[in-house]
Amino acid sequence: EVRLDEEVKSAEDVKALGIDNGDFVFIDPKFTMTGSGFLKSRFIDDKASAVLLLLLLRWCSEKKAAFRHPTRIYFVVYEEVGHGASALARDIDEFVTVDMGCVGLDLAGSEYAVSICAKDSGGPYSYEVVGKLIDAAKAEGADYAVDVYPHYGSDVEATLGSGCDIRHGLIGAGVYASHGYERSHLDGVYNTLKVLKGYLKI
């Protein structure tokens with residue numbers, strides 16, 4: 001629901017302000033970073049994921065490091081509307097979505113750790129990829145948790161639904177209060193970066 005702080009009494013009054021059906025509504029994310037390392041914002045999961053991928057690419061550039069396998073980095077902008085990464089290239093063998101780890105009752109993850117998803121509402125993730133992500137977490141000394149999200153989905157499901165035949169995985173920094181005013185921690189972001197580095201064998 002959007003409330004206009006203008007004196008309007010009809011659809012015509014609203015249109016006269018330059019507002020019409022289909023216009024985008026931008027909500028102030030109210031980003032805050034505390035001295036103790038907590039990140040608080042609306043939409044922190046997608047922001048943190050994008051920052052992680054950019055940090056990974058910058059680190060590779062600065063260290064002159066190369067991926068050991070052909071790798072593509074995708075920035076997906078339609079996650080929340082259901083078609084996610086459905087346009088993924090068809091020659092990809094494995095796809096790991098970097099999203100978020102749920103934090104809450106009956107879950108093992110925390111805001112300080114990287115979460116590795118074994119199964120969500122769409123079914124189990126690739127046993128092989130989940131194993132590689134766990135091995136990467138151990139090799140890199142990352143604080144991690146393996147979890148099942150019965151009410152949560154990711155971009156990977158749209159990829160599978162579009163007919164891609166891939167092995168798939170999902171990781172992300174632990175995020176509290178998903179789809180609200182969310183909170184994570186720099187440690188969770190850093191641990192996720194470590195798992196990406198280990199998984200890609202940089």
Side-chain angles (χ1 to χ4, degrees), residues 1-6 17-19 22-63 72-85 95-105 107-117 120-121 133 137 140-145 147 149 151-158 169-200 202:
E1 181 178 316
V2 176
R3 184 179 68 188
L4 296 176
D5 292 327
E6 297 289 344
L17 295 172
I19 301 169
D23 288 348
F24 286 96
V25 175
F26 297 93
I27 299 170
D28 182 356
K30 299 183 178 179
F31 176 78
T32 302
M33 185 165 75
T34 71
S36 56
F38 282 103
L39 308 169
K40 302 194 303 182
S41 175
R42 292 188 176 97
F43 331 117
I44 196 73
D45 58 336
D46 294 330
K47 291 176 185 174
S49 299
V51 167
L52 278 167
L53 295 173
L54 292 170
L55 284 172
L56 179 73
L57 292 171
R58 185 173 78 177
W59 184 86
C60 288
S61 175
E62 290 174 352
K63 300 293 183 183
R72 293 184 178 110
I73 305 289
Y74 285 82
F75 291 87
V76 178
V77 295
Y78 286 106
E79 177 216 357
E80 302 297 350
V81 295
H83 50 90
F95 181 54
V96 174
T97 296
V98 184
D99 193 341
M100 61 166 275
C102 297
V103 175
L105 295 174
L107 296 171
S110 80
E111 294 155 289
Y112 309 103
V114 54
S115 289
I116 300 169
C117 183
D120 66 14
S121 62
L133 293 167
E140 296 293 325
D143 184 6
Y144 76 97
D147 253 320
Y149 309 132
H151 307 292
Y152 176 73
S154 76
D155 291 322
V156 130
E157 283 151 355
L170 165 65
I171 63 172
V175 172
Y176 175 76
S178 173
H179 293 80
Y181 186 60
E182 303 171 338
R183 188 178 85 163
S184 190
H185 194 276
L186 285 173
D187 287 350
V189 174
Y190 183 54
N191 281 306
T192 306
L193 187 59
K194 289 200 279 190
V195 171
L196 281 174
K197 177 179 173 289
Y199 169 75
L200 292 169
I202 300 171

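- Considering CH2 of W59 and CG of L196, their distance stands at 12.0 Å, rounded to 0.5 Å.
- Using a 4.5 Å heavy-atom threshold, the side chains of I19 and E6 count as separate.
- Around atom CZ of F38, more than 12 heavy atoms belonging to other residues, nucleotides or ligands sit under 6.0 Å away.
- For the pair S49 (side chain) and V98 (backbone), a donor-acceptor distance under 3.5 Å is present.
- Contact record, F75 with L54: CZ-CD2, 3.9 Å, taken as the closest heavy-atom pair.
- Counting all heavy atoms, side chain and backbone alike, K47 lies closest to P29 at NZ-CB, 3.0 Å.
- The shortest side-chain heavy-atom distance between S115 and Y149 falls under the 4.5 Å cut-off.
- Interatomic distance, Y112 OH to L186 CG, rounded to the nearest 0.5 Å: 11.0 Å.
- Nearest heavy-atom pair across A158 and A85 is CB-N, 4.3 Å.
- For the pair H185 (side chain) and A173 (backbone), a donor-acceptor distance under 3.5 Å is absent.
- Of the options V156, I171, V76, D45, a side chain to side chain contact (heavy atoms under 4.5 Å, CB included) to D99 is made by D45 and by none of the others.
- At a threshold of 4.5 Å between non-hydrogen side-chain atoms, the residues L57 and I73 count as touching.
- Summarising the geometry of T32 relative to Y181, their closest heavy-atom pair is OG1-OH, 3.7 Å, with the distance given to 0.1 Å.
- Residue D187 holds its CG atom at 8.5 Å from NZ of K194, rounded to the nearest 0.5 Å.
- In this structure, I44 and F31 have side chains that are in contact, with non-hydrogen atoms separated by less than 4.5 Å.
- Not one N or O on the side chain of S41 forms a donor-acceptor pair closer than 3.5 Å with the backbone of K30.
- A donor-acceptor pair under 3.5 Å is absent between the side-chain atoms of Y144 and the main chain of V195, judged by distance alone.
- Inter-residue side-chain proximity for V189 and L39 is flagged as met; some heavy-atom pair is nearer than 4.5 Å.
- Remark: K40 NZ to Y176 OH distance equals 11.5 Å, nearest 0.5 Å.
- Between the side chains of D155 and Y74, no donor-acceptor pair of N or O atoms lies under 3.5 Å.
- Residues passing the side chain to side chain contact (heavy atoms under 4.5 Å, CB included) test with S178 are M100, E182, sequence neighbours excluded.
- Counting heavy atoms from C-beta on, the side chains of D147 and C102 never come closer than 4.5 Å.
- Remark: side-chain polar atoms of R42 are paired, donor with acceptor, to backbone N or O of D28 under 3.5 angstrom.
- Counting all heavy atoms, side chain and backbone alike, N191 lies closest to A142 at OD1-CA, 3.4 Å.
- You'll find the side chain of L52 stays beyond 4.5 Å of the side chain of L56, heavy atoms only.
- Residues V96 and L200 fail the side-chain proximity criterion, which asks for heavy atoms closer than 4.5 Å.
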